[in-house]
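Heads up, the thing below is written out as structure tokens.
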Amino acid sequence: MEYKIGLLIAQSNTYSSSQDFFWGFKEGLKKVPDFPVKIFVENIGFGQKTAIQQQYEKMALQNAPDIIVGMAQWRSLVGNEKVLNQYRIPALFCDIGANLPLPQPLGEHIYFNSFNLWQSNFAMGKYLAKQGHKKVLYLSHFYDGGYHTPYAFCSGVSMGRGDYVMPFAIQDGYNEQEFERLKMHIEQTKPDAIHALYSNPRHYVLLDWLKNNPQTKDISLTANPYWVDDDLLLRNPNEHTIGILSANSWSRLSPNPINQAIVSQFEEEEEETCSVFVMMGYEAGALLAKAYEALGDKWSKRKYFKSFLLDAKLDGPRDGHHFNSEYQCSFANHHLRKVEKTEGGLQNKVIRDLNIDESLTILKPLYEKPNSGWDNLYLCV
């Protein structure tokens, strides 16, 4: 018997996200060599709600898949609950997790495999406050301010009994005027830590300015983990990078053996840097393969698949990978890393695990009041 898997894959102008995701997904399926599957793919573009509904219905009606796997965060799915529940097809949606999880699932058969970047931001904020930082600046690009990472970071700072400077959003374009406005803001507010330097050539200039300016050279810097790994250390390594902290549940540099094997295989075959989209796909494929290995023909039946996800001890590229029954969302351990100078050059090393125990307590107050968030997939996927 051949099982049918439907893939809803997003488009990106910035990353080869779809190609990377598909590569990882196929590799994840190989965790069980005799898993007989046929894959159907639909492109959901940039993830607008109407596109997702149209392609989901097309997939459901034309191909009748046993399960659907999609690249989408929940904001793109809200409003499509009727369609998602009408077809009752088990669905696993994958995202980086710049938005907090939904306070309640969209349906009993709908799950999210999330890398929970918001949780990394929460843990980093709490860590900085516990280290004695009382005045922290959250630096964000205009678009990134629409997600929940600033809220999560500031909640972490508050729980650590620290204060924070209101998030500063640099406008789209990073022109010279905006850069000067940012420098003036830093000199006036005098933060003792700055969090989240985002990927853009002008931020290299900002980093140099911070380190060369006597008034700012001692400010502690923490950053988006993907910027540190993929931009700073690969494209612009210099001693100003030393000491920068980052936090996340997954890194291409993680010592996890499964992670190292997949990263090495991808980079050798594709001659490209392994991205988080590769691992999103790999985890999704591996989850389906392991469900088949554990349950046989019942692997995609709603109640059996749900039981598997909630009970399974998952061994994969992320440590502590598990699903939470209340939110039907996956979680994993988060690590604090620091750029250090070694004999082999600059390396971003794990220096400790981060405490995320209180992170879910920030959900209720956020959803009790209006909050902003983007419907598109960009950072959320």
Side-chain angles (χ1 to χ4, degrees), residues 96-97 115-133 136 139 149 153 156 160 192-199 203-204 206-208 210-211 217-268 272-280 282-283 315-321 331-357 359:
I96 290 177
F115 281 60
N116 291 309
L117 187 60
W118 70 269
Q119 207 170 25
S120 300
N121 278 253
F122 169 87
M124 181 61 83
K126 187 176 179 182
Y127 173 82
L128 288 175
K130 290 291 186 182
Q131 294 301 304
H133 296 289
V136 184
L139 173 61
T149 48
F153 178 79
D192 50 43
I194 297 177
H195 178 60
L197 299 173
Y198 282 86
S199 175
H203 275 144
Y204 298 124
L206 173 62
L207 180 60
D208 291 342
L210 288 169
K211 290 300 184 180
K217 66 182 179 64
D218 294 325
I219 295 176
S220 296
L221 299 178
T222 66
N224 180 306
Y226 307 115
W227 183 58
V228 176
D229 289 346
D230 299 340
D231 284 346
L232 281 180
L233 296 183
L234 281 180
R235 298 182 177 88
N236 193 41
N238 64 67
E239 296 209 352
H240 287 169
T241 311
I242 297 173
I244 290 182
L245 298 171
S246 57
N248 56 352
S249 62
W250 175 81
S251 162
R252 57 182 291 273
L253 306 174
S254 169
N256 177 302
I258 297 175
N259 180 65
Q260 288 184 328
I262 297 299
V263 169
S264 297
Q265 181 185 347
F266 176 84
E267 296 188 347
E268 181 178 350
E272 293 287 343
T273 302
C274 185
S275 72
V276 66
F277 302 108
V278 175
M279 287 304 162
M280 286 168 56
Y282 177 82
E283 284 192 352
D315 58 333
R318 289 192 291 166
D319 300 323
H321 189 195
F331 293 88
N333 299 335
H334 290 251
H335 310 291
L336 180 69
R337 297 184 299 144
K338 183 178 182 180
V339 178
E340 298 179 353
K341 188 174 184 179
T342 67
E343 292 183 0
L346 299 178
Q347 292 186 7
N348 201 10
K349 292 187 174 181
V350 174
I351 59 175
R352 62 173 291 173
D353 289 340
L354 287 171
N355 185 347
I356 55 174
D357 289 345
S359 64

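For clarity, every value in this text was computed on a predicted model and none was experimentally measured.
For the residue pair Ser254 and Gln260, the shortest heavy atom distance occurs at O-CG, 3.4 Å. Between His133 and Val136, the closest heavy-atom pair is CB-CG2, 4.1 Å.
Note: Phe115 and Trp250 have perpendicular aromatic rings, judged against thresholds of 30 and 60 degrees for the angle between ring planes.
Listed by chain and number, the residues in a side chain to side chain donor-acceptor pair (under 3.5 Å) with His321 are Asn113, Arg318 (sequence neighbours excluded). For Asn348, the side chain to side chain donor-acceptor pair (under 3.5 Å) partners are Asp229, Ser246, not counting sequence neighbours.
Evaluation of the salt bridge (charged side-chain N to carboxylate O under 4.0 Å, His left out) test over residues 243-267, restricted to residues two or more places apart or in two chains, returns Arg252-Glu267.
A donor-acceptor pair under 3.5 Å is absent between the side-chain atoms of Asn259 and the main chain of Pro255, judged by distance alone. In this structure a side-chain-to-backbone donor-acceptor pair under 3.5 Å is missing from Asn248 to Ser120. Using modelled atom types, no side-chain atom of Asn116 and backbone atom of Gln119 make a donor-acceptor pair closer than 3.5 Å.
A 4.5 Å side-chain heavy-atom check between Thr273 and Phe266 finds every atom pair outside the cut-off.
The neighbour count for Lys211 NZ, taken as heavy atoms of other residues, nucleotides or ligands under 6.0 Å away, is above 12. Other residues, nucleotides and ligands contribute only 12 or fewer heavy atoms inside 6.0 Å of the CD atom of Glu272.
To the nearest 0.5 Å, atom NZ of residue Lys217 and atom CG of residue Leu210 are 12.5 Å apart.
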